[in-house]
J.: 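A single structure is presented below for examination.
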There are 2 protein chains.
Amino acid sequence: MSHQPFRNWQAIQAEVLRRIHAREWPPGHTIPNEADLAREFGCARATVNRALQSLADAGLLERRRKVGTRVALHPVGKATVDIPILRQEIEDRGLRYRYQLISRNVEAAPPHLRTEAAALHITALHWADEMPYVFEDRWIDTETAPDALEQSFDEISANEWLVTTAPYTHGDISFTAQPATGALTTWLNIPDNTPVFVIERTTWDRDAPITAVKLTYAPGYRIHTVIGTGPMAF
Amino acid sequence: MSHQPFRNWQAIQAEVLRRIHAREWPPGHTIPNEADLAREFGCARATVNRALQSLADAGLLERRRKVGTRVALHPVGKATVDIPILRQEIEDRGLRYRYQLISRNVEAAPPHLRTEAAALHITALHWADEMPYVFEDRWIDTETAPDALEQSFDEISANEWLVTTAPYTHGDISFTAQPATGALTTWLNIPDNTPVFVIERTTWDRDAPITAVKLTYAPGYRIHTVIGTGPMAF
DNA sequence: GGCGTTATTATGTATATACATAAAAATCCT
DNA sequence: AGGATTTTTATGTATATACATAATAACGCC
């Protein structure tokens with residue numbers, strides 16, 4: 001072993017990654033403790049800690065106090081998908097963005113918003129290069145976001161307004177494939193039952209719901225992302 | 001300002017988050033530098049660094065040397081979706097898993113694998129509680145993963161075999177909604193043109209392709225995940 | 001033997017210090 | 001003025017040290 005010292009935590013991370021990758025440390029294996037690794041690599045324990053910590057964050061290692069650090073058994077691949085503002089998503093593709101408000105009403109909130117308060121119901125269409133891109137069907141809780149009532153939403157979209165106005169603490173999101181039905185087919189100008197990609201999202205501020213939105217994309221839409229930009233190995 | 005000292009980096013992170021959240025530091029605002037914050041919070045600069053670093057990782061802050069730290073203008077929401085092994089995905093839902101190999105051939109590799117070598121072409125069906133769950137259409141590069149040729153894949157799926165055998169460095173993944181056509185409709189037992197959720201994934205070992213797979217899920221499939229388990233704020 | 005207490009151990013984190021690095025600002029030279 | 005060079009500054013990272021915490025192992029008592 002030539003044993004030249006590893007100077008930075010990235011180099012250590014790379015070496016650990018190499019050993020996992022080369023099956024020197026197979027899945028389930030308990031690797032040496034930080035102090036030993038620090039000695040072997042000729043660096044401070046804090047540096048080893050930094051390297052292992054970030055591999056643990058990435059789901060590749062499992063660490064428990066006193067027990068030690070193990071190579072993850074089922075390194076669940078994790079893909080992170082970005083959820084940009086629609087305007088940006090469209091303009092990033094080099095297309096011309098246009099927004100069109102379809103309806104704006106105050107109605108009783110739908111059950112999935114889980115609130116007693118009235119809700120602002122907005123439907124709108126987002127265009128890309130004069131082609132319908134996505135149909136937005138949104139409910140905004142008027143109790144958590146009362147300012148929304150003063151917004152007409154005929155110029156700037158609720159999507160954009162909320163992002164810069166109503167901070168959220170958490171939310172949930174789901175992706176499905178659905179057949180297009182009803183008014184949707186008119187707005188997106190597609191035949192009945194055409195497969196469309198649907199994103200449903202609800203966001204909360206602590207325990208209060210802010211908004212629930214259903215985004216129905218025109219046919220051909222594709223979410224694309226990469227796995228393994230960070231460390232990763234399997 | 002009562003100014004009680006913040007003892008740990010999580011507390012500092014929470015306080016920074018609070019200020020962003022409360023619009024004391026609005027989007028685009030350049031926040032005080034680490035040294036000043038350390039003085040204000042009564043802690044070491046390294047502790048402030050840890051807190052800000054992790055917020056920057058989460059996409060909430062943008063940091064540049066010499067320039068300083070700004071609150072992100074368009075805090076892109078990031079949703080991380082897990083990519084488990086199919087057996088696990090099904091069993092985690094409390095359903096009985098069954099695997100059925102449909103075909104296994106060595107053929108010329110399709111163009112998107114970007115290789116000259118022959119490829120192993122496998123199609124299979126994964127069942128959940130005796131209902132077709134997902135149809136797998138996979139190509140494996142025989143040069144990068146020659147061991148695959150010795151596997152019959154009639155008992156354990158290529159999905160499972162690859163995860164525990166062929167480590168990858170990176171990959172890409174995409175989600176679409178498509179109409180079901182051809183043999184698919186037979187295997188999934190659905191009418192022609194039924195909307196189905198499709199995941200396409202390609203994985204690489206450095207510059208060599210390992211496998212490309214198209215997973216077509218039975219109708220009703222839904223990817224669900226949460227945003228904001230980590231810090232987050234908008 | 002079984003149960004409660006104490007010691008041990010690996011990770012988690014805070015600290016002060018030092019130096020590296022990137023980028024902007026100031027300076028110098030022609 | 002203008003281009004090249006130096007200084008300044010904020011973040012990035014490595015270091016030694018110290019103590020906290022969680023979980024196990026060892027011990028001791030009845």
Side-chain angles (χ1 to χ4, degrees), chain A residues 3-17 19-20 24-73 75 229-231, chain B residues 3-17 19-20 25 27-73 75 229-231:
Chain A
H3 213 272
Q4 74 252 28
F6 296 80
R7 338 177 156 54
N8 54 28
W9 69 266
Q10 289 94 333
I12 289 165
Q13 176 172 310
E15 171 61 12
V16 170
L17 221 41
R19 293 185 188 182
I20 296 175
E24 288 174 33
W25 292 342
H29 180 78
T30 299
I31 76 173
N33 69 43
E34 294 186 349
D36 288 347
L37 286 176
R39 216 168 305 122
E40 179 189 342
F41 291 141
C43 69
R45 184 170 77 88
T47 312
V48 174
N49 183 283
R50 181 82 164 86
L52 298 188
Q53 190 91 21
S54 96
L55 286 174
D57 286 347
L60 232 90
L61 296 176
E62 286 166 8
R63 322 192 71 196
R64 279 173 63 210
R65 275 175 164 143
K66 158 78 187 176
V67 177
T69 303
R70 292 189 328 155
V71 179
L73 267 177
T229 325
Chain B
H3 212 273
Q4 76 257 27
F6 295 80
R7 351 171 145 52
N8 53 28
W9 69 266
Q10 289 93 335
I12 289 166
Q13 177 173 314
E15 171 62 12
V16 171
L17 221 40
R19 293 187 187 179
I20 296 175
W25 293 341
H29 179 79
T30 300
I31 76 173
N33 69 43
E34 294 187 349
D36 289 346
L37 285 176
R39 215 168 305 124
E40 180 189 341
F41 291 141
C43 70
R45 184 170 77 89
T47 312
V48 175
N49 183 283
R50 180 83 164 83
L52 298 187
Q53 190 91 27
S54 96
L55 286 174
D57 286 350
L60 236 93
L61 296 176
E62 286 166 7
R63 322 192 71 197
R64 278 173 65 211
R65 275 175 164 142
K66 159 77 186 178
V67 177
T69 303
R70 292 190 328 155
V71 178
L73 268 176
T229 324

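Below, read A as the first sequence line, B as the second, and so on, with proteins coming before strands; counting in each chain starts at 1. Note that the structure is a prediction, hence the values are computed from the model and not measured.
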J.: For A:Ala46 and for B:Glu34, locate the closest nucleotide of DNA chain D by heavy-atom distance; then report the residue assigned to the nucleotide nearer the 5' terminus.
T.: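 Nearest nucleotide further toward 5': that of B:Glu34.
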
J.: Give a yes/no on whether any side-chain N or O of A:Arg63 is located under 4.0 angstrom from OP1 or OP2 of D:dA22.
T.: no

J.: Taking CZ from B:Arg50 and P from C:dG12, how many angstroms apart are they, rounded to a whole number?
T.: 10 Å

J.: Passes side-chain contact (heavy atoms from CB on, under 4.5 Å), B:Leu55 versus B:Thr69? Steps please.
T.: CA-CA 11 Å; B:Leu55 286 174; B:Thr69 303; over 6 Å; no

J.: Does A:Gln53 have a side-chain nitrogen or oxygen under 4.0 Å from the phosphate oxygens OP1 or OP2 of C:dG12?
T.: yes

J.: Output the single nucleotide from C:dT11, C:dT15, C:dT13 whose closest atom is nearest the side chain of B:Trp9.
T.: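 Given the options C:dT11, C:dT15, C:dT13, the side chain of B:Trp9 is closest to C:dT13.
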
J.: Starting the side chain at C-beta, find the nucleotide from C:dA14, D:dT13, C:dA23 nearest to A:Asn8.
T.: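 Selected nucleotide (nearest to the side chain): D:dT13.
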
J.: Tell me whether the OP1 or OP2 atom of D:dT15 has a side-chain N or O from A:Thr47 closer than 4.0 Å.
T.: yes

J.: I'd like to know whether A:Asn49 forms a side-chain contact (heavy atoms from CB on, under 4.5 Å) with A:Arg63, so could you lay out the CA-CA distance, the side-chain angles of the two residues, the decisive distance to 0.1 Å, and finally the verdict.
T.: CA-CA 11 Å; A:Asn49 183 283; A:Arg63 322 192 71 196; 4.0 Å; yes

J.: Check A:Arg50, A:Arg45, A:Arg39 against A:Glu34 for a salt bridge (charged side-chain N to carboxylate O under 4.0 Å, His left out) and give me the one that passes.
T.: A:Arg45

J.: Whole-Å distance between C:dT15 C1' and B:Ile12 CD1?
T.: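 Going from CD1 in B:Ile12 over to C1' in C:dT15 covers 12 Å.
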
J.: Can you measure B:Asn33 atom CG to C:dA24 atom P for me and round it to whole angstrom units?
T.: 16 Å

J.: Can you identify which nucleotide, out of D:dT15, C:dT9, C:dA24, has its nearest atom closest to the A:Lys66 side chain?
T.: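 It is C:dT9.
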
J.: Considering only side-chain heavy atoms of B:Thr69, which listed nucleotide, D:dT11, C:dT15, D:dA14, is closest?
T.: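 The answer is D:dT11, which lies nearest to the side chain.
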
J.: What is the distance from CG of A:Leu37 to P of C:dT11, rounded to the nearest Å?
T.: 8 Å

J.: Looking only at heavy atoms, which two atoms of A:Pro32 and A:Leu37 are closest? And how far apart?
T.: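 Closest heavy-atom pair between A:Pro32 and A:Leu37: O-CD1, 3.6 Å.
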
J.: Rounding to a whole Å, what distance do you find between B:Asn49:CG and C:dT17:P?
T.: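 The distance from CG of B:Asn49 to P of C:dT17 comes to 17 Å, rounded to the nearest Å.
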
J.: Between B:Arg45 and C:dA16, is there a side-chain N or O to OP1/OP2 distance below 4.0 Å?
T.: no

J.: Any side-chain N or O of A:Gln10 less than 4.0 Å from the OP1 or OP2 oxygen of D:dT13?
T.: yes

J.: Over all heavy atoms of both residues, which pair between B:Ala72 and B:Pro27 is shortest? Give the atoms and the distance, please.
T.: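 Distance-wise, the nearest heavy atoms are O-CB, 3.7 Å.
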
J.: In whole angstrom, what separates B:Phe41's CZ from C:dA14's P?
T.: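 Atom-to-atom, B:Phe41 to C:dA14, this comes out as 13 Å.
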
J.: Which pair of heavy atoms, one from A:Ile12 and one from A:Ala51, lies closest together, and at what distance?
T.: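 Closest approach of A:Ile12 to A:Ala51, heavy atoms only: CG2-CB, 3.7 Å.
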
J.: Can you check whether B:Arg65 has a side-chain N or O nearer than 4.0 Å to OP1 or OP2 of C:dA24?
T.: no

J.: With a 4.0 Å cutoff (strictly under), does any side-chain N or O of B:Arg64 reach OP1 or OP2 of C:dA23?
T.: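 Result: no.
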
J.: Whole angstrom is fine here: how far is it from CZ in A:Arg39 over to C1' in D:dT15?
T.: 16 Å

J.: For B:Ala44 and for A:Gly68, find the nucleotide of DNA chain C with the closest heavy atom, then tell me which residue's nucleotide is more 5'.
T.: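 Final value for this comparison: A:Gly68.
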
J.: Rounding to a whole Å, what distance do you find between A:Gln13:CD and D:dG12:C1'?
T.: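 A:Gln13 atom CD is separated from D:dG12 atom C1' by 15 Å.
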
